[in-house]
Protein chains: 2
Amino acid sequence: MDRTQLKNSFEAYFNEWGYEIDWQRLTVPMDVHVIRKGDYLFQQGDFANRLYFLHSGLVRYVSVSDEGKEFTQTFAKSPRIIGSTKAMVTGSTVLFGIQALEDCMVSSYPWQAFYAQMRQDIGFLECYAKFLERIFMTKEERENAFVKYSAERRYLDFCMTYPELKNTIPQQQIASYIGITPVALSRIRQKLKLGRR
Amino acid sequence: MDRTQLKNSFEAYFNEWGYEIDWQRLTVPMDVHVIRKGDYLFQQGDFANRLYFLHSGLVRYVSVSDEGKEFTQTFAKSPRIIGSTKAMVTGSTVLFGIQALEDCMVSSYPWQAFYAQMRQDIGFLECYAKFLERIFMTKEERENAFVKYSAERRYLDFCMTYPELKNTIPQQQIASYIGITPVALSRIRQKLKLGRR
DNA sequence: GTTACCAATTAACCTAGGTTAATTCCTTCT
DNA sequence: AGAAGGAATTAACCTAGGTTAATTGGTAAC
């Protein structure tokens, strides 16, 4: 992956906000990661104080409880910034791992250095703020759904929001996104099937 | 509340990030709200496309389900920006109301105009980004707690995080923050009391 | 002091979803 | 085609927390 490819990918993402950012200025060292389907970009508990950019592919953010239960926080499709804001900004450890659901191409940059360069650029800061606004709103809405709606409703909402995922990813992952067990999801699907007749 | 007071209050908040912002530039029309304990700054479902700044007092963000159950999303103490990022940025309706837990003093600004002025100021954009980072991380951690820990554990965490609230706000509000009913909280407290002997 | 009202506790019962485990389906590998 | 291994379903049982309602406190208003 060369600088031009990189530039295109970033622009495809940021330009939706109508901004021209001069990515040529970006001189911090870049790593490239190729992640095979099923593998992890980083694991829960790692130090991941880098900014990651998903150039192609699909990932999920998954956190595992002490008892070994998986919870899928987010699905993220390229092109998109991915990673842990908390780990990146505070230099702390990550609360979730990022797993590839398809083969993925990712570039990454040390956040400190990246931000040091970018903070002079008013366009970048604005895009970064818009990015943060967006992911925050997503979390807000998800919190809302968890608090107000039943698992059945959340499943139906999932099917509306991610029609393309509904049939391509395993149901256990859907269940873990909704916050229930695969068994419970199966029960819900059964119930819906009966109701539809 | 005059401009100087306002300036001080903003600075007290933003300067923790080491930024000098020239608040004198702020010429957008300001509203001042005095909210009595128990009253609402705005209600769930309102259009609240303004930036609010809590100069004094304590509030909670509370959303109510169709069945009338309350859920407390956040407690916020002055000095702090408050409001709904979603409603402010997208001009949509709010998913929660903001209720004063003490008498509060709040100033507010139409977000569009405020942002139009501020976006030229690299210091403001950086502070705004840091604010967003912070509220996002808070949500991330809260999501984590909900997914990984029992109600009992969440209650104990609450007591650690908000020792000053523990004895000043009604238990129903604590319960609604933890995501359970007052009855369930009472049960948990009973159990803990017994265990402590 | 007494009434009124709301907060908290307690108890009895209910339900959504978890747990375990057996069964059936699908792939993929040989 | 047959074997192997994971994904999904189904059934039986369990549990955390919800629901309802009765009881006890606590405090503000008269």
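Per chain, numbering begins at 1; letters A, B, ... match sequence-line order.
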Between the side chains of A:Y61 and A:S63, does any donor sit under 3.5 Å from an acceptor? no

Indicate yes or no: does B:K139 engage A:E140 in a salt bridge with an N to O separation below 4.0 Å. no

Would you please test A:S108 and A:H33 for side chain to side chain donor-acceptor pair (under 3.5 Å) and show each step? CA-CA 8 Å; A:S108 79; A:H33 315 257; 2.8 Å; yes

Whether A:K69 contacts C:dT19 is assessed here as follows: a side-chain N or O lying under 4.0 Å from the phosphate OP1 or OP2. Is that the case? yes

Check this for me: does any side-chain nitrogen of one of B:R36 and B:D103 sit under 4.0 Å from a carboxylate oxygen of the other? yes

To the nearest Å, give me how far apart CZ (B:R153) and P (D:dG17) are. 14 Å

Could you tell me the separation between the CZ atom of A:R189 and the C1' atom of D:dA11, rounded to a whole number of Å? 18 Å

Compare side-chain N and O positions of B:R187 against OP1 and OP2 of C:dT9 and report whether any pair is under 4.0 Å apart. no

Output the residues of residues 177-185 of chain B in contact with DNA chain D, where contact means a heavy atom of the residue under 4.0 Å from an atom of the strand; sort by number or write none. B:G179, B:I180, B:T181, B:V183, B:A184

Assess, by modelled atom type and distance only, whether the side chains of A:Y155 and A:R189 contain a donor and an acceptor separated by less than 3.5 Å. yes

Do A:R142 and A:Q73 have side-chain N/O donor and acceptor atoms under 3.5 Å apart? no

Atom CD of B:E70 and atom C1' of C:dA7 are separated, to the nearest Å, by 14 Å

Without decimals, in angstroms, what is the distance between A:I188 CD1 and D:dT9 C1'? 14 Å

Quick one: B:K37 NZ to C:dC6 P, roughly how many Å, whole number? 15 Å

B:Q172 has an atom CD; how far is it from atom C1' of D:dG26, in whole Å? 14 Å

For this output row, return yes or no: ring centroids of A:Y128 and A:F114 closer than 6.0 angstrom. no

Whole angstroms only, please: what is the CG-P distance between A:N167 and C:dC26? 14 Å

On the nucleotide C:dT9, are OP1 or OP2 found under 4.0 Å from the side-chain N or O atoms that B:Q190 carries? no

Ignoring backbone atoms, test whether A:Q171 places a side-chain nitrogen or oxygen under 4.0 Å from the OP1 or OP2 oxygen of D:dT9. yes

